Amino acid sequence: MLKPTPTPTRELVNLDGVWRFGIDSRLASEPWTGILDTPLEAAVPASYNDQFTDAEIRDHVGWVYYQREVRVPRGWSEERILLRFDAATHAARVYVDDELVGEHVGGYTPFDLDITDRVHAGDAFRLTVAVSGDLSNETIPPGKIEVGMDGRRKQVYFHDFFNYAGLARSVWLHSVPRVSIDDVTVVTAFEGTTGSVEYSVETSAPTTVRVRLADAAGRVVAEASGASGVLSIADVVLWKPGAAYLYELTVEAVDGDVVVDSYPLAVGVRTVEVKGHEFLINGEPFYFTGFGKHEDSVIRGKGHDDAYMVHDFQLMEWTGANSFRTSHYPYAEEVLDFADRHGIVVIDETAAVGLNMGVVGGMTGKPPFPTFSDQYANDNTQAAHAQHIRELITRDKNHPSVVMWCIANEPASNEDGALEYFKPLVDLARELDPTRPLTYALVMFATFQNDQLIDLFDVVSMNRYYGWYIATGDLQTAEMYLQGDIAGWIERTGKPIMMTEYGADTQPGLHSVWDQAWTEEYQVDYLAMNHRVFDRFPQFVGEQVWNFADFATSNGIHRVDGNKKGVFTRDRKPKAAAFALRKRWTGLEGRKPGTPADEN
Ligand code: BDP
């Protein structure tokens, strides 16, 4: 699905701002049939939960309603008119005046609704959006609604970040021509100094398609006509980690001499490949440094914010990070565009987090009932997961920054049924995108002895907390565990291995000369221990610390004002570990990880 972009043939109106807001329990039965009877207003884009002081709103189970008036530009009478929601977490029903015009399930992928037949150019309409943050065992991510002793419904979930809900990304009204470009796919490669861009274009009706590729200075370097083909670029400049270079592909649908639709796509020419135990970008071994992140900030929750985005990328660059994982859901498209432009490498993860009943069993990893069963991850869950993968890959397939899909975070890959659940999903992902490697982030209790999934995937991504949840405060023992664990995976798989999570909760300002959990020194020493071990294995292809910044979680006695494993605080102040990572990742001290000794 193409991101709405202004072009000579397309226009858009941004609908962000302050909307009328109400929760279902306080509204009349059909809130969309008139002006919402509510004293509340909520900002968009932002999760609604922390905007109010009211606990009933923060922890609301059920639907909330957003409403505003929208005026259709008067010049749009010949156009198709669409509403675009960059995200509605986790489900939405959309009403134009009194009518339901569409629904969407899945909180982190966009959707378009064609409302051409319901609105008129120049006129205003009432837009009402019902959004639900509810999670069940058949949603991605999964959850469960429990009813308490007082009859209150409560959302329970099996992931470690606050279940923020609402309109956390932008909303648009946009125009698309009657005959339009509906999708564009590019696959890039190079041979010596010649690059290639294989493209294919889908249009809403048969029409002539032509494409032209311009370099960063705007010079046209290749042209072609036809809905699919291969463009060749002499003296290609590759998109590289840390050295982004983008061409612009202009796709046009033409009728005789008239351009009926035009759409621009940024294209980075690069290849990605897994070979033996190496992860290759442009044929060269790549070593990931960086973080698992969250879309999370005070007040706006998961609301996208350009200023936070710019600052987060600045901090990543400052620490020497070359990559991050979109843990644990697809991030706003603006984030991927930014990564494309700045040469930051992305592991793009689905929202499939919590497919693991073992987490309920705590450190024993013993599920109260099987994860892959009618009770929990069943056929409907799998169908929702499949649909989510479709929407993710359709949205993000053209981003050069995205080098790998992560299909799930910490699924119960040690349990029976995992293979049957995941095999069709892996097949689907490979069919949708045969070019990128696949991975899943491996939970601690899925070991090289009991994991049932790794053969389906290309890269071993380990989430490991030796020295934190296991061998707490005992880095010597932790080091032995970690060493044995990595060695076991190498022996079993021969695939590239990386650490997608390792971290220690840290309260800034807490200090100790001992190996004392929660202190800034312990976080530094914990990371140093991990790095010592990683550096012993040439098969190791990367390290992404958990987490970039502290973030909000649900209540729990093991969480103090959220998860504190951030290298930065929630308001992005560095803890001591940030300086330690900067030294390692920028090579200020010794050699940068992943660089052969003779390059130092
Ligand atoms: C891992 C999860 C991550 C948690 C982290 C932690 O993947 O979402 O936040 O543990 O416990 O299991 O900090």
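When a ligand or atom number is given, it counts from 1 through the structure's own listing order. Everything numeric in this text was worked out from a predicted model, so none of it was measured.
A salt bridge links K575 to D550: at least one charged side-chain nitrogen sits closer than 4.0 Å to a carboxylate oxygen. Using a 4.0 Å cut-off between charged side-chain N and carboxylate O, D396 and K3 make no salt bridge. Between R536 and E479 there is a salt bridge, with a side-chain nitrogen of the basic residue lying less than 4.0 Å from a carboxylate oxygen of the acidic one.
Checking F338, F313, F291 one by one against F324, the ring pair (Phe, Tyr, Trp, His ring centres under 6.0 Å) holds for a single residue, F313.
For residues 343-357, the salt bridge (charged side-chain N to carboxylate O under 4.0 Å, His left out) pairs, not counting sequence neighbours, are R325-E349.
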Can you produce the list of protein nitrogen or oxygen atoms under 3.5 Å from a nitrogen or oxygen of ligand 1, alongside each distance?
unit_1   : atom_1 : unit_2 : atom_2 : d
ligand 1 : 7 (O)  : N409   : ND2    : 2.8
ligand 1 : 7 (O)  : E410   : OE2    : 3.4
ligand 1 : 7 (O)  : E501   : OE1    : 3.1
ligand 1 : 7 (O)  : E501   : OE2    : 2.8
ligand 1 : 8 (O)  : H328   : NE2    : 2.6
ligand 1 : 9 (O)  : D160   : OD2    : 2.5
ligand 1 : 9 (O)  : W546   : NE1    : 3.0
ligand 1 : 9 (O)  : N563   : ND2    : 3.3
ligand 1 : 11 (O) : Y469   : OH     : 2.4
ligand 1 : 11 (O) : R559   : NH2    : 3.1
ligand 1 : 11 (O) : K565   : NZ     : 3.4
ligand 1 : 12 (O) : E410   : OE1    : 2.6
ligand 1 : 12 (O) : E410   : OE2    : 2.9
ligand 1 : 13 (O) : W546   : NE1    : 3.4
ligand 1 : 13 (O) : N563   : ND2    : 2.8
ligand 1 : 13 (O) : K565   : NZ     : 2.5

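Because its NZ or CZ atom is both nearer than 6.0 Å to the ring centre of F548 and within 45° of the ring axis, K293 counts as a cation-pi partner of that residue.
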